[in-house]
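What follows is a set of notes on a single structure, which appears directly below.
Just the heavy atoms: all of them, side chains too, but no hydrogens, waters or symmetry mates, feed the values below. In what follows, chains carry the letters A, B, and so on, assigned in the order in which the sequence lines appear, proteins first and then strands, with residues in each chain numbered from 1.
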Amino acid sequence: MDTVALLIIEVLNGISSLALTCAGLAIIFGMMRVINFAHGEFMMLGGYTTVVATNAGVNIWISMLILSPLVVGIIGIISERLLIRFFYGRLVDTLIATWGLSLLLIGIVTAIFGNYITGVSAPLGNFALGQYQLSIYRLVLIGLAVLLFVGIYFVFTRTRLGLIARGTMQNPDQAAVLGISPPRVYMITFGIGAALTGLAGGLLAPISQIIPTVGFTYVAQAFITVITGGTGAITGTIVASGIFGTVRQLVTYETTPIIGGVVLLIVAVVLLRLLPQGITGKIFRRSL
Amino acid sequence: MKIALDLKSWNTRGLIFVGVVMLALLFAGPEVFDLFVLLKVILFVSTAMLALSMGFIWGFGGILCFGQSAFFGIGGYAYAIGVINMGESTVPILLSVLVPAAFAMLLGYFMFYGRLSDIYLAVVTLAVTLIFYAFIRSTSGEEYVIGNARLMGFNGISSIPVFNWPGFPNSPLWPDDIFYVATTLLILVYFGLRILLRSHFGRVVVAIKENETRAEYLGYDVRFYKMIAFSIGAGIAGLAGCLFVSFNNFINPDVFALGLAAQIIMWVLIGGVGTLVGPMLGSLALQMLYNWLGTQTFASFLNTYLVFGAIILIFVLAVPQGLQPTARLLALRFLPFTRPPEEKARGGGDD
């Protein structure tokens, strides 16, 4: 019985951490169609922000929930202004440019902090589930992931800002005619996406090891999940996170995390062969 | 696109020039270089072949594969495992081509028949190589044995036998011979690709890259051609891996790591997408830069990622065509002759 409960919590954990990893990318790639290969590095920067701030004596919740998104959001806007905006609409060039950005960010962080593993310990301590000890923070993380996606959904469907953003993505010329500046909307949307990515990096910092190259463990899974999600970026990402998170966690439970990653990839490739348009290309077609 | 320029000006003189330079390298190599330099040159030859495979599938097939290093590594591991088990190198060399090609065919089936676009392809291939990296690193246990070969995880497989004369397992090749073999293979692959690109198959592959929809309307099965081109590129990358491994006597999972995957893209980007000589020169230039940086004290704060990232950004922003086409355009612009000698001196040639 305890084992079943443990397994359910593990699966929910897998889903929520995957969904958190994908949240920023769902906006930047899923909605804006900008290939941000530096996504993993934005998460890494979020993680470092939390670690550095917490070790400097800042409250860990403030570091995770405020400082990480703020710092990475600013870095995102700077990258957008200096680099990414020149490549809008040129997918392959964006891919290579952001790949260069990703290596550069790893290089800068390595030069500053060195190629060592750092981390912070999770707050809130443990609770007992039968014979198992579980971290309370992992449960909080599940709740935060749900809140985050509800928040994103609300902002993009119920607010004026979200309406403007979605309209501009669909038809920038029409938006410009209506007096909206598409470059500004792109900049702000990219910044929001980057901030969410930083937030995810910060929130996942206590349950993962932070090294400069940690981003690459995230980037492939994040892209695969958002791609599999399809055109309805938010809904698709949630559904795909659900599928992949479950698969990965169950296989990991039976074998090793590496085999879990392999199986996730195989499932993704086969799924894309069956549903080339992604999950929301076939079902949930009218979702966001 | 600028690539069309390359297709139009199929130039035999340039090709002869490339051939002469390569043959000169082949025959003069062991005479000119001492052993230390010769060993370095063999390494360059294997990376040049890897660059060539990427130059082919990206520049001519339009397939932006972020995990070409996966095929390089698979080829290397296939050779290592084969030669340790068989005690003889001829069949393992073939395996090092066929195994990655077959794997690429399988992967390509899912990717191209699933009609994944460029982006998805890049992500999937990158994920594949990183997963190989993680997987092979985790194989240090006793249970990961293929025949007589233990995979040894992140320690890598060492004392891998070098090439031997076909049929004579006890007569290994000397470094001079390996140099001849490697360089000959590089020349064969280069001209093989050139011939392939002139053939019907090659023309269709380039046509698909230029305009996929139109090629499809003309009745070509785009998916099939892409899958085969991808598989050919993987076979060449595997052969490069085999050369690399037999020359080093050693392979470890770092061949699947991000560093190499990034470098392959950079070689082609720097050399010029849509050329074949460019990527080879790109690989040479980048490795010489890298070796040189390693010896400079002022550069101690620099690390691989920083340098690589900066180079990619500079090229993608300032020299997006790569060095070879840029050198060629500059030469054509400022020199009134159609094929000025200066251009060749810069390694332009036609290619």
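Annotation: B/Glu216, atom CD; neighbour count of heavy atoms from other residues, nucleotides and ligands within 6.0 Å is above 12. The number of heavy atoms from other shown groups lying within 6.0 Å of CZ (B/Phe224) does not exceed 12. Under a cut-off of 6.0 angstrom, the local environment of CZ in B/Arg214 is sparse, with at most 12 non-hydrogen atoms contributed by other residues, nucleotides or ligands.
Smallest separation of non-hydrogen atoms from A/Gly100 and B/Ile312: CA-CG2, 3.6 Å.
Put simply, CD1 on A/Ile96 and CG on B/Leu313 are 11.0 Å apart, with the number rounded to the nearest 0.5 Å.
B/Leu269 touches chain A through its side chain: at least one heavy atom from C-beta onward sits under 4.5 Å away, while N, CA, C and O do not.
Among A/Ile35, A/Asp93, A/Leu103, the residue with the largest count of heavy-atom pairs under 4.5 Å with chain B is A/Leu103. Note on A/Leu101, A/Thr213, A/Leu83, A/Leu104: by heavy-atom pairs under 4.5 Å with chain B, the leading option is A/Leu104. Listed options A/Val109, A/Ile106, A/Ile259 were ranked by heavy-atom pairs under 4.5 angstrom with chain B; first place goes to A/Ile106.
Heavy-atom proximity under 4.5 angstrom to chain A picks out B/Leu130, B/Ile131, B/Ala134, B/Phe135, B/Ser138 from residues 130-139 of chain B. Residues of residues 65-77 of chain B lying within less than 4.5 angstrom of chain A, judged on heavy atoms, are B/Phe66 in numerical order.
Counting only heavy atoms from C-beta outward, the side chains of B/Leu126 and A/Phe37 approach each other to under 4.5 Å.
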